[in-house]
Amino acid sequence: MKILVTGGAGYIGSHTCVQLLENGMDVVVIDNLSNSSEESLKRVQEITGRSLEFHKIDLLERAWLDALFRDHQFDAVIHFAGLKAVGESVQIPLKYYRNNITGTINLCEAMANHDVKTIVFSSSATVYGEPEQVPITEEFPTSAYNPYGRTKLFIEEILKDLYVSDKRWNIVLLRYFNPVGAHKSGKIGEDPKGIPNNLMPFISQVAVGKLKELSVFGNDYPTSDGTGVRDYIHVVDLANGHVKALEKLVGKTGVHTYNLGTGRGYSVLEIIKAFEKASGRKINYNITDRRPGDIAECYADSDKAHRELNWKTERGIDEMCTDTWHWQSMHPKGYE
Ligand code: NAD
Ligand code: UD1
């Protein structure tokens with residue numbers, strides 16, 4: 001199978017490229033490198049001993065996309081490319097709408113013009129808004145509270161409309177919970193620009209001495225220890241979800257939606273403890289106010305992916321922390 005991976009130089013994309021190549025698939029990556037570096041792809045090739053093709057292309061440039069689809073016959077597209085910082089999306093919403101939504105429309109138009117009709121889209125648990133209960137199944141109502149979340153929700157709806165208009169499309173919506181961890185080799189991992197917004201990269205930068213202390217956003221939530229609970233999933237397990245989706249769904253049609261999570265929630269304090277154990281470092285923290293927009297508890301019911309894709313997670317919280325630490329301690333400055 002020949003797969004086009006948009007945003008393949010990024011965190012989840014690079015780990016997915018490893019799994020695709022290791023499963024014998026041919027990979028072409030496009031990325032504008034706005035939040036990544038080509039170095040990640042060099043390392044993907046080092047890890048796998050296989051080569052992939054890379055083009056620095058922005059999804060906003062339609063003509064380049066058409067040229068790419070003329071040159072290759074793809075079996076499917078995995079669409080990771082997008083901007084993902086929630087806070088930034090509130091500051092510059094139009095940039096998010098243009099990049100994520102217009103970028104996706106351009107991609108789908110190029111796909112339609114060249115008769116490529118299987119797309120696997122990176123959606124997010126953010127589309128469940130504030131769920132009424134946990135665990136969350138795919139049937140839960142959706143909503144969004146910020147421009148980033150709305151781009152995910154709108155794109156899901158656009159892709160569903162596409163299927164309604166033409167039943168030959170094969171749309172796979174993968175709703176990720178909280179991806180963390182890194183490849184075992186320590187050669188690729190998450191390399192956020194500036195101060196990390198998310199918990200795990202923040203903790204690992206405290207552990208490596210790059211940041212002084214973690215702010216724990218609130219300890220008065222209705223959870224076991226008062227701190228927020230999330231479903232952290234190892235990025236390699238997540239990457240494998242994409243391989244399974246392709247194996248099961250290429251050649252089919254329809255709209256297929258799956259939660260990709262472990263089904264187990266951990267609190268912020270539990271993550272701190274697990275990371276201290278994995279790294280042997282003390283994580284300094286203090287309790288601050290809640291972060292606006294945060295919910296108390298969020299974890300997945302991933303039975304559908306287990307049943308229909310034969311996918312399940314294999315890596316627990318200790319491995320997530322150990323692998324994050326391995327990458328971070330080998331690369332205190334990321335890919336720089
Ligand atoms: P990332 O920023 O590391 O990767 C995204 C990649 O897309 C980057 O390499 C970036 O340069 C590229 N890109 C952005 N806009 C582009 C454009 N217009 N044209 C070409 N390339 C472009 O992010 P990630 O964590 O790997 O996330 C991948 C996808 O998964 C994103 O769509 C994100 O919204 C989604 N997602 C991520 C998380 C998470 O916590 N990391 C959770 C849920 C969903
Ligand atoms: C955040 C985004 C969500 C996005 C997801 C993955 C917000 C409001 N939500 O989710 O839309 O899909 O990332 O990219 O930004 N925490 C701290 N201190 C920190 C950072 C986080 O205590 O410095 C806590 C949070 O309050 C939360 C947990 O750690 O309880 C996880 O936070 P984070 O990693 O940012 O993920 P989400 O909030 O789940």
Side-chain angles (χ1 to χ4, degrees), residues 5-16 29-38 40-41 55-61 64-65 78-90 95-96 98-100 102-104 106-107 121-129 144-146 148-149 151-152 155 174-180 189-193 195-203 205-206 211 213-219 221 223 227-233 235 238-239 260-261 265-269 271-272 285-299:
V5 182
T6 77
Y11 171 48
I12 305 171
S14 56
H15 286 82
T16 303
V29 169
I30 59 171
D31 199 302
N32 65 1
L33 304 180
S34 59
N35 196 39
S36 54
S37 87
E38 211 180 324
S40 64
L41 294 174
H55 299 274
K56 187 174 176 209
I57 291 179
D58 194 309
L59 287 180
L60 298 178
E61 293 172 38
W64 288 100
L65 285 177
I78 306 183
H79 179 31
F80 292 108
L83 298 172
K84 63 165 185 176
V86 174
E88 189 184 63
S89 79
V90 177
K95 183 171 178 188
Y96 271 67
R98 181 187 297 279
N99 190 78
N100 293 5
T102 307
T104 302
N106 284 347
L107 175 67
F121 173 61
S122 299
S123 190
S124 164
T126 195
V127 301
Y128 295 115
Y145 292 110
N146 53 64
Y148 166 72
T151 69
K152 293 294 171 196
I155 293 168
L174 299 182
R175 294 176 175 161
Y176 310 156
F177 281 65
N178 290 56
V180 297
E190 189 170 11
D191 181 19
K193 301 238 185 304
I195 308 233
N197 298 308
N198 298 117
L199 181 66
M200 191 64 97
F202 202 107
I203 289 183
Q205 292 195 11
V206 171
L211 296 170
E213 72 176 9
L214 170 76
S215 297
V216 174
F217 297 145
N219 66 350
Y221 284 106
T223 59
T227 65
V229 167
R230 297 291 183 276
D231 186 338
Y232 298 92
I233 171 172
V235 66
L238 185 67
L260 297 184
Y266 286 92
S267 74
V268 177
L269 296 182
I271 296 292
I272 294 174
Y285 70 88
N286 78 61
I287 309 287
T288 63
D289 287 345
R290 292 180 179 192
R291 178 171 64 181
D294 271 357
I295 55 175
E297 199 167 21
C298 171
Y299 57 90

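Owing to the predicted nature of the structure, the values given are computational and were not obtained by experimental measurement. Counting starts at 1 for both ligands and their atoms, in listed order.
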(message) Heavy atoms only, cut-off 4.0 Å: how does Lys152 contact ligand 1, side chain, backbone, both, or neither?
(response) side chain
(message) Using a 6.0 Å cut-off, check whether atom OH of Tyr285 has over 12 heavy atoms from anything other than its own residue.
(response) no
(request) Please could you name the atoms of ligand 1 that Gly82 approaches to less than 4.0 Å, counting only its heavy atoms? (result) 5 (C), 7 (O), 13 (N), 14 (C), 15 (N)
(message) Any non-hydrogen side-chain atom of Asn198 less than 4.5 Å from a side-chain atom of Phe202?
(response) no
(request) Name the closest protein heavy atom to atom 42 (C) of ligand 1, giving the residue it belongs to and the distance to 0.1 Å. (result) Pro179 CD, 3.9 Å
(request) Using a 4.5 Å cut-off on heavy atoms from C-beta on, say whether the side chain of Gln205 contacts that of Pro192. (result) yes
(request) Write out the protein residues near ligand 2, meaning a non-hydrogen atom under 4.0 Å from one of its atoms, in order of chain and number. (result) Val86, Ser124, Thr126, Tyr148, Asn178, Asn197, Asn198, Leu199, Leu214, Ser215, Val216, Phe217, Gly228, Arg230, Tyr232, Val268, Arg291, Asp294
(request) Answer side chain, backbone, both or neither: which part of Ser123 comes under 4.0 Å from ligand 1, heavy atoms only. (result) backbone
(message) Tell me the closest heavy-atom pair linking Asp231 and Phe177, and the distance in Å.
(response) O-CB, 3.4 Å
(request) Sequence neighbours left out, what passes ring pair (Phe, Tyr, Trp, His ring centres under 6.0 Å) with Phe121? Give chain and number order. (result) His79
(request) Going by heavy-atom distance to atom 33 (C) of ligand 1, choose the closest among Phe121, Tyr11, Trp64, Tyr148. (result) Tyr148
(request) List the steps, then state whether side chain to side chain contact (heavy atoms under 4.5 Å, CB included) holds for Val268 with Asn219. (result) CA-CA 9 Å; Val268 177; Asn219 66 350; over 6 Å; no
(message) Using the side chain to side chain contact (heavy atoms under 4.5 Å, CB included) criterion, which residues pair with Thr16? Sequence neighbours excluded.
(response) Ile12, Leu20, Ile78, Phe80, Ala239, His242
(request) Check each atom of ligand 1 against the heavy atoms of Ile57 and keep those under 4.0 Å away; list them by number with element. (result) 19 (N), 20 (C)
(message) If the cut-off is 4.0 Å to any non-hydrogen atom of Ser122, which atoms of ligand 1 fall inside it?
(response) 29 (C), 30 (O), 32 (O), 35 (C)
(request) Answer whether the closest heavy-atom distance between the side chains of Ile203 and Ile271 falls below 4.5 Å. (result) yes
(message) Tell me every residue that passes side chain to side chain contact (heavy atoms under 4.5 Å, CB included) with Asn178, counting only those two or more places apart in sequence or in another chain.
(response) Arg230, Tyr232
(request) Select the closest option to atom 19 (N) of ligand 1 among Asp191, Val235, Leu59, Leu41, judged by heavy-atom distance. (result) Leu59
(message) Heavy atoms only, cut-off 4.0 Å: how does Asn99 contact ligand 1, side chain, backbone, both, or neither?
(response) side chain
(request) Measure from atom 9 (O) of ligand 1 to every heavy atom in Thr126, Asn35, Asp31, Leu33 and give the option owning the shortest one. (result) Asp31
